[in-house]
Amino acid sequence: MKKILPIAFLGAAALIFPVSVKTIFLDTPIENQMGTVQKIFYFHVPLAWIMMLLAVVCGVAAGIQLRRDSKRAEAVSIAAAELVLVTGLGVLITGPIWGHATWGKAWTWDARQVSTGLLWLIFAAYVLVRHYGAAGSERLAAALAIFGAIDVPVIYYAVKIWKTTHPSNDVAGSLPASMWAALWPALIALLLTSMALLLIRVQQELTDVTLDEAWVDLDDAGATKPNPAPGPTPATGDA
Amino acid sequence: MSVAIAGPVGAPVTRSDRVTTLLGMVALRQAWLLAVNDLRQEARDLELILTSSFFSLVVLIMLGMSFSALGVSSQPLAVPGMLWLSVAFVGALTLGRIFTREREFDTLRALLVAPVERVSIYLAKAFVTLVILLGCSLITVLGLTLLFPAAQPFAQRPMATAALVLMGCTAYAGVGTLFAAGLASSSGKNVLLSVILYPLTMPSLLFALVATRSLLEGHESFTTYLGQLAATNVLAFVVGAWLFEPVLVGVPQKRRGTARAARRRR
């Protein structure tokens with residue numbers, strides 16, 4: 001099941017993705033004001049939602065890791081953080097492309113852009129601490145992930161609290177049915193891909209921990225085994 | 001020492017209320033004693049105060065040299081950045097050293113096994129960091145006022161400036177102390193402190209930055225930004241206090257070989 005589920009997710013995503021691309025570029029009408037560049041919306045928005053979801057998953061898993069020392073939670077936290085980096089990179093690339101075409105400026109330092117950039121930086125710091133931190137730094141990384149998860153509501157409410165150039169959160173609700181028909185397949189395909197990658201990375205991390213434990217067990221067994229006493233030198237033929 | 005507890009008028013004070021209030025007061029008293037002890041030790045050798053103040057002065061001179069040609073109209077845009085970048089640099093230096101004494105003399109372990117609330121250790125260290133940051137900010141603010149004409153509102157509105165600097169440094173100290181403690185207890189590399197510290201303190205520094213700009217330009221939005229900065233401070237301290245014990249001590253570990261084996265692989 002552990003191996004089948006990611007493959008099934010990836011297979012389903014591989015089937016849905018071409019349908020999604022066809023719907024976006026051929027079936028959905030071109031938006032009046034923004035033109036063809038609006039098509040990037042169907043990739044930018046799902047990636048942003050998945051990034052926020054994964055950041056929350058990472059924060060919750062990190063909280064469980066801190067409270068219970070659960071290696072499964074730790075593995076989920078690591079995998080989700082790495083995927084936040086990947087999806088966040090997608091958001092931070094597609095967003096400025098769209099912004100450049102519609103606002104005339106790729107980066108306006110608006111509150112939602114800054115809070116999203118901040119989320120990406122926090123999870124980049126998380127990955128750096130996990131890779132280069134000494135023993136015990138996994139607790140520091142977990143605390144970082146919790147701060148990262150706290151940033152998610154800030155991203156969501158940024159357009160309500162501060163004056164921003166970003167569209168409001170109500171835009172998704174007011175989309176016509178034809179746009180939703182293109183958004184759903186893109187969201188499902190990207191979500192399935194992310195879940196498959198998450199499961200694969202979790203499994204890799206758990207295998208890594210098991211290998212580490214086996215290594216230490218082997219090492220301890222070697223350390224406790226008494227060294228063989230130096231025996232008599234083997235006799236040579238001349239003696 | 002006897003402590004009188006008064007409940008709200010008409011409301012019965014339950015035993016658990018009394019215990020909670022007493023625990024809170026005990027934690028605060030312990031935090032105060034620990035902070036006084038740290039400040040007393042600091043007053044004896046002046047290590048942190050002198051190094052951080054000198055560093056602030058050096059950063060100020062570098063900023064003065066770099067931006068001396070800036071026109072008066074552009075200065076209100078640049079001065080807030082100079083102030084808070086200086087605080088960020090000095091803060092990283094201070095936080096890198098704040099647990100060094102405990103680490104060098106192995107007193108952190110003694111502090112952890114002593115009958116002291118963990119949150120008291122956090123509050124005490126954050127307070128000492130805040131005191132040193134405020135001292136360094138004083139140097140920076142005075143220097144900027146002397147070097148840049150656009151920074152005159154700092155001198156004209158001293159109470160507003162004091163509130164702004166206090167709020168900005170508090171959030172920095174709140175978040176920074178948590179991670180400095182974590183690095184001290186995990187025998188971590190101090191280079192990671194900057195990696196962690198800057199992304200996490202960025203929101204409070206951003207609020208402080210826009211609040212400073214509105215102070216220099218005389219906008220009414222100054223108090224709004226100050227309020228948002230205060231909210232960030234509360235969040236930083238609540239999350240910092242909540243996470244301090246798990247980050248510093250962790251939970252009783254099952255037998256795990258991760259870190260040890262990972263070290264060997266490298």
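Residue numbering restarts at 1 for every chain, and letters A, B, ... go by the order of the sequence lines. The figures that follow rest on heavy atoms only: side chains count, while hydrogens, waters and symmetry mates do not.
Between the CG atom of Leu140(A) and the CG atom of Leu192(B) there is a distance of 8.0 Å, given to the nearest 0.5 Å. With rounding to the nearest 0.5 angstrom, the CG atom of Leu144(A) is 4.5 Å from the CZ atom of Phe179(B). Taking CG of Leu121(A) as the start and CG of Leu200(B) as the end, the distance is 10.0 Å to the nearest 0.5 Å. Between the CG atom in Leu235(B) and the CZ atom in Phe147(A) there is a gap of 7.0 Å [rounded to 0.5 Å].
Only the side chain of Ile146(A) has a heavy atom closer than 4.5 Å to any heavy atom of chain B. At a 4.5 Å heavy-atom cutoff, the contact between Leu248(B) and chain A is made by backbone atoms alone. For a residue to count as touching a neighbouring chain, one of its non-hydrogen atoms must lie under 4.5 Å from one of that chain's; by this rule Val154(A) does not touch chain B. With a 4.5 angstrom heavy-atom cutoff, Glu245(B) does not touch chain A via any of its atoms.
The minimum heavy-atom distance linking Arg139(A) with Pro246(B) is given by the pair CD-O, 3.0 Å.
Trp107(A) CH2: more than 12 foreign heavy atoms inside a 6.0 Å radius. Heavy atoms of other residues, nucleotides or ligands lying less than 6.0 angstrom from CZ of Arg118(B) number more than 12. Residue-environment remark: CZ (Phe127(B)) stays at or below the threshold of 12 foreign heavy atoms within 6.0 Å.
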